[in-house]
Amino acid sequence: MSGDADGGRDGGRGRGQDSDASRATDEVLDAVGPRLRALRRRRAITLAELAAETGISESTLSRLESGRRRATLELLLPLARRYDVPLDDLVGAPRTGDPRIHLKPVHRFGMIFVPLSRRPGGIHAFKMIIPARPEPLAPAPQTHEGHEWVYVLSGRLRLVLGDRDLVLPPGEAAEFDTSLPHWLGSADGGAVELLILFGPHGMRAHVRADPTGPDADPDPDPDRA
């Protein structure tokens, strides 16, 4: 009898936990609509414009914002891309209290890429590690759409860009259109670590120069050609 009673109590606790989880999920989803409407209004976007840009009908968007349509991943993903925000921001996922980004290295082309950003659009940040090799690799330039900014943290980076062959020591940076044939590698076979900012075609990473630095223009004239 005691075992049956314990089983009943455990079953009751399980059902109670399931009920609590279901209520928490409902509360999160119920808050999605007002959050979407507030975000759209802050961006000054009409339902018609949003429908044209996401492929979601105006009526569906209206029901979603009013809470009459349940939020689904199929609907939220194109909205997150359009607003250029993480999906968690749309659903109001509770913060864990840990501000760190949990990095997941990706191995490609014999190099290691560590994503440093999680936004679905815009400029992406990576740490790139080129492992040491007994002999440096031969350049194999590639092209693709976009714009790239690199900053060398350690090692000596060899940058082949079009018909130029450059060596960048630690502390140097370069910015270029990736539609030009380009290749990154080690200049001497040693390991290289660098930061990379990559944006879609035409989206550049702008670094503000110190207007009081030694290279500053002593008499800046906005009307001067």
Side-chain angles (χ1 to χ4, degrees), residues 43 45 49 52-55 77-87 89 101 103-133 135-217 220-225:
R43 301 290 181 90
I45 302 171
E49 291 169 340
E53 295 176 9
T54 61
L77 281 175
L79 291 171
R81 284 193 293 267
R82 169 58 185 85
Y83 291 131
D84 191 20
V85 296
L87 192 60
D89 285 4
I101 297 176
L103 309 177
K104 296 181 180 179
V106 177
H107 296 258
R108 296 184 63 189
F109 313 119
M111 296 177 283
I112 303 170
F113 295 85
V114 184
L116 301 178
S117 58
R118 297 176 295 183
R119 296 176 71 83
I123 293 178
H124 290 186
F126 298 88
K127 180 179 181 181
M128 177 177 166
I129 302 170
I130 303 173
R133 295 177 178 275
E135 295 291 337
L137 292 176
Q142 303 285 334
T143 63
H144 52 86
E145 288 192 353
H147 211 89
E148 196 160 297
W149 179 89
V150 300
Y151 176 85
V152 182
L153 296 170
S154 64
R156 287 164 53 82
L157 175 70
R158 182 181 179 188
L159 169 62
V160 177
L161 183 62
D163 58 359
R164 304 186 68 185
D165 197 333
L166 309 170
V167 174
L168 279 65
E172 284 203 1
E175 187 176 17
F176 53 90
D177 187 331
T178 55
S179 63
L180 291 172
H182 62 281
W183 178 84
L184 304 176
S186 174
D188 53 16
V192 184
E193 295 188 8
L194 55 149
L195 294 177
I196 296 181
L197 298 181
F198 174 77
H201 188 64
M203 182 174 288
R204 305 178 58 181
H206 295 285
V207 180
R208 179 173 296 179
D210 181 359
T212 63
D215 297 327
D217 187 339
D221 183 354
D223 296 326
R224 186 174 60 197

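Residue numbers start at 1 and run along the sequence shown.
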Who are the side-chain contact (heavy atoms from CB on, under 4.5 Å) partners of [X], not counting sequence neighbours?
| X | answer |
| --- | --- |
| E172 | L168, P169 |
| P78 | T54, I56, R81 |
| P170 | none |
| E53 | R82 |

Close side-chain approach of [X] and [Y], heavy atoms under 4.5 Å:
| X | Y | answer |
| --- | --- | --- |
| F176 | H182 | yes |
| W183 | L161 | no |
| E148 | E175 | no |
| L159 | L184 | yes |

Give me the ring orientation class for F126 and H124: parallel if the planes are under 30° apart, tilted from 30 to 60°, perpendicular past 60°.
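F126 and H124: tilted rings.
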
Please list all pairs meeting side-chain hydrogen bond (donor to acceptor under 3.5 Å, both in side chains) that have one or both residues in residues 159-170, counting only residues at least two apart or in different chains.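 Qualifying pairs: R158-D165.
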
With rounding to the nearest 0.5 Å, note down the distance linking CE in M128 to CG in L153.
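If we round to the nearest 0.5 Å, M128:CE and L153:CG are 12.0 Å apart.
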
Can you give each donor-acceptor pair under 3.5 Å made by side-chain atoms of residues 187-197, sequence neighbours left out, with the distance rounded to 0.1 Å?
| residue | atom | partner | partner atom | Å |
| --- | --- | --- | --- | --- |
| D188 | OD1 | S186 | OG | 3.4 |
| D188 | OD1 | G190 | N | 2.9 |
| E193 | OE1 | K127 | NZ | 3.1 |

Margin query: When you measure from the side chain of T178 to the backbone of G146, do you find a donor-acceptor pair of N or O atoms at a distance under 3.5 Å?
Written below: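 Checking the backbone N and O of G146 against the side chain of T178, a donor-acceptor pair under 3.5 Å is found.
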
is_close_aromatic(F198, H144), centroid dist under 6.0 Å:
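Between F198 and H144, the centre distance is under 6.0 Å.
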
